[in-house]
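Note sheet for the following structure.
Here the structure is a predicted model, which means the values were calculated and not measured.
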Amino acid sequence: MNINNCYCVIMAGGSGTRFWPVSRTSKPKQFLDVADTGKTFIRETYDRFLKIVPKENIIVSTAARYRDLVRAEIPELNDSNILSEPYSRSTAPCIAYATYTLLKRNPEANVVVTPSDHLIDDDEIFAQTIRDAFEYVEQNDVLMTLGVEPTRPDTNYGYVQAAGGKEALASGNPVPVKTFTEKPDKEMAEIFINTGEFFWNAGIFIWKAKTIKEEMEKHLPEVTGLFNGWEAAIGSKIEGEFVLRAFTDCVNISIDYGVMEKTDRAWIFPVKFGWRDIGTWESLYNYLPGKDENSNVIEGERTLLEDTRNVMVVSPGKKKLIAIKGLEDFMVIDTEDALVICPKDDRQFKDFISGIAMPEYEKYR
């Protein structure tokens, strides 16, 4: 494998609303140390892949308004390796832009595409897994996704069923995907887990740039058609105008819905490293160690709890005493200008905070 043909695309354009009010549109979660690891999510992701691909081959795709935040977090990143998305259009348009950019630079590019908000245990196992996946896609025209063995019927993840069932997954080798289901309901997720044939889709993809180009142009012509003329535009003086026009008319669609559920080239690579997608307060609660005897998580200096169970209290940098009695399965998030008290449930929280989209709450977003 030629390491110089290996690239990493870090997707870092999300607004992080599911971590409100700590995460704000002006500085979303990928630029914060929400998980208290000592590094922001995006810095940790960059450092992780710096051990796998040359630093000049790492690209960050982000919203145009976050470009300066990327520069601040990764000052050594080449300016040309920060792709600015004029509008948020989910992962498929982001990947289309990054794919055409890489094909312009290197038609033989092999690419790993990753979100910027994952936590990985066992960095050496992770690095070797990515290298093995690179070698596989270099020899095979497949779209590889990493599969994590599920521990609960989580409805926030995509589920991948392996062709060949349990036996195929037990081999630990890449296998074809039989079905690809994005975010099922809880009943369906429980059925998936009970079969033993499904893995969580980690959302980390590995493929040849030219292979994903072919599959996107086949299954998402409404996206790729807007990039017609990319050969001349990308890398030229008109790139910004060209990308603005493409994103303005682009549909909002993920690569999971747009390609992975439709393609016959999807493969899964079962992985052995620890993986956490820290995308919500509930997922952060499940991740954080240090729970007390009542399974409460406290991130703050002064907290008094009584008859309280399975509660998460986050009060970053505050010296206020927080006293709670009689709560169960709730979260209390206290910031300088917002206090949230809400059931510790992703779906309820998502519905609840939709209210901050109202004009009168603009300064709190």
Side-chain angles (χ1 to χ4, degrees), residues 1 5-11 13 53 57 59 61 83 85 89-115 130 132-147 157-164 168 173-183 198-231 233-234 243 246-247 249-270:
M1 179 181 66
N5 286 342
C6 295
Y7 294 78
C8 173
V9 174
I10 300 173
M11 299 183 291
V53 304
N57 289 6
I59 288 176
S61 186
L83 304 185
E85 303 169 38
R89 294 291 188 260
S90 196
T91 55
C94 162
I95 290 171
Y97 180 22
T99 297
Y100 291 127
T101 297
L102 291 178
L103 285 170
K104 184 70 178 287
R105 299 183 187 185
N106 183 353
E108 301 304 316
N110 301 311
V111 190
V112 54
V113 178
T114 180
I130 300 299
D132 291 344
F134 268 136
E135 289 187 0
Y136 195 89
V137 301
E138 189 173 50
Q139 302 298 322
N140 301 275
D141 294 332
V142 301
L143 305 181
M144 187 77 73
T145 184
L146 302 188
Y157 300 151
Y159 286 73
V160 185
Q161 183 183 22
N173 297 316
V175 293
V177 169
K178 183 177 181 180
T179 63
F180 196 109
T181 306
E182 179 67 2
K183 297 181 180 178
F198 287 80
F199 271 29
W200 282 335
N201 170 28
I204 301 174
F205 303 102
I206 304 95
W207 45 49
K208 291 189 187 79
K210 58 186 177 184
T211 304
I212 188 61
K213 171 183 177 292
E214 291 172 2
E215 291 302 288
M216 289 192 74
E217 290 176 351
K218 177 180 179 181
H219 299 290
L220 279 176
E222 66 272 30
V223 172
T224 57
L226 296 170
F227 288 86
N228 287 341
W230 62 270
E231 297 95 336
I234 290 179
V243 172
F247 271 77
D249 296 332
C250 217
V251 295
N252 192 68
I253 189 168
S254 72
I255 198 69
D256 308 87
Y257 285 121
V259 175
M260 297 303 290
E261 288 190 2
K262 301 173 183 176
T263 181
D264 59 2
R265 292 183 175 183
W267 281 58
I268 181 175
F269 195 157

Check side-chain hydrogen bond (donor to acceptor under 3.5 Å, both in side chains) between Asp249 and all other residues, then give those that pass, not counting sequence neighbours. none
Going by the side chain to side chain contact (heavy atoms under 4.5 Å, CB included) test, name the single residue among Ile268, Ile130, Thr114, Val112 that passes it with Leu146. Ile130
Quick check for you: to the nearest 0.5 Å, what is the distance between Ile59 atom CD1 and Leu102 atom CG? 4.0 Å
Side chains of Ile204 and Pro115, heavy atoms from C-beta outward: is any pair under 4.5 Å? yes
Would you call Glu108 and Lys210 a salt bridge, using N to O less than 4.0 angstrom? yes
For Ala162 and Val175, work out which heavy atoms get closest and say how close. CB-CG2, 3.7 Å
Closest contact, heavy atoms only, Ala96 versus Met216: CB-CE, 3.7 Å
Could you check whether any side-chain N or O of Glu261 sits under 3.5 Å from a backbone N or O of Glu182, counting only pairs where one atom can act as donor and the other as acceptor? yes
Answer yes or no: is there a donor N or O on one side and an acceptor on the other, between the side chain of Thr91 and the main chain of Ile255, under 3.5 Å? yes
Taking only residues two or more places apart in sequence or in another chain, which ones pass side-chain hydrogen bond (donor to acceptor under 3.5 Å, both in side chains) with Asn106? Asn5, Tyr7
Between the NZ atom in Lys208 and the CE atom in Met144, the distance rounded to the nearest 0.5 Å is 10.5 Å
Side chains of residues 219-227: which donor-acceptor partners sit under 3.5 Å, not counting sequence neighbours?
| from | atom 1 | to | atom 2 | distance (Å) |
| --- | --- | --- | --- | --- |
| His219 | NE2 | Glu215 | OE1 | 3.4 |
| Thr224 | OG1 | Leu220 | O | 3.3 |

Under the side-chain contact (heavy atoms from CB on, under 4.5 Å) rule, collect the residues that match up with Glu214, sequence neighbours excluded. Arg265
Separation between CD of Glu231 and NZ of Lys104, rounded to the nearest 0.5 Å: 8.0 Å
Does the side chain of Phe180 reach to within under 4.5 Å of the side chain of Thr145, using non-hydrogen atoms? yes
Carefully, step by step, assess Tyr159 and Thr179 under the rule side-chain contact (heavy atoms from CB on, under 4.5 Å). CA-CA 8 Å; Tyr159 286 73; Thr179 63; over 6 Å; no
Out of curiosity, Ile234 CD1 to Leu103 CG, how far, rounded to the nearest 0.5 Å? 9.0 Å
With rounding to the nearest 0.5 Å, note down the distance linking CZ in Phe269 to CD1 in Ile206. 8.5 Å
Report the distance from atom OG1 of Thr101 to atom CG of Leu83, rounding to the nearest 0.5 Å. 4.5 Å
Between Leu143 and Val259, does a side-chain contact (heavy atoms from CB on, under 4.5 Å) hold up when you go through it step by step? CA-CA 10 Å; Leu143 305 181; Val259 175; 3.8 Å; yes
Would you please name every residue forming a side-chain contact (heavy atoms from CB on, under 4.5 Å) with Cys94, sequence neighbours left out? Met11, Ser61, Glu85
Min side-chain heavy-atom separation Ile212-Phe205 under 4.5 Å: no
Sequence-distant partners of Glu217, salt bridge (charged side-chain N to carboxylate O under 4.0 Å, His left out), two or more places apart: Lys213
Minimal heavy-atom distance between Phe199 and Pro270, with the atoms involved, is CE2-CB, 3.4 Å
Can you tell if the side chain of Thr99 reaches within under 4.5 Å of the side chain of Val111, non-hydrogen atoms only? no
List the atom of Pro174, the atom of Tyr136, and the distance in Å for their closest heavy-atom pair. CG-CD1, 4.0 Å
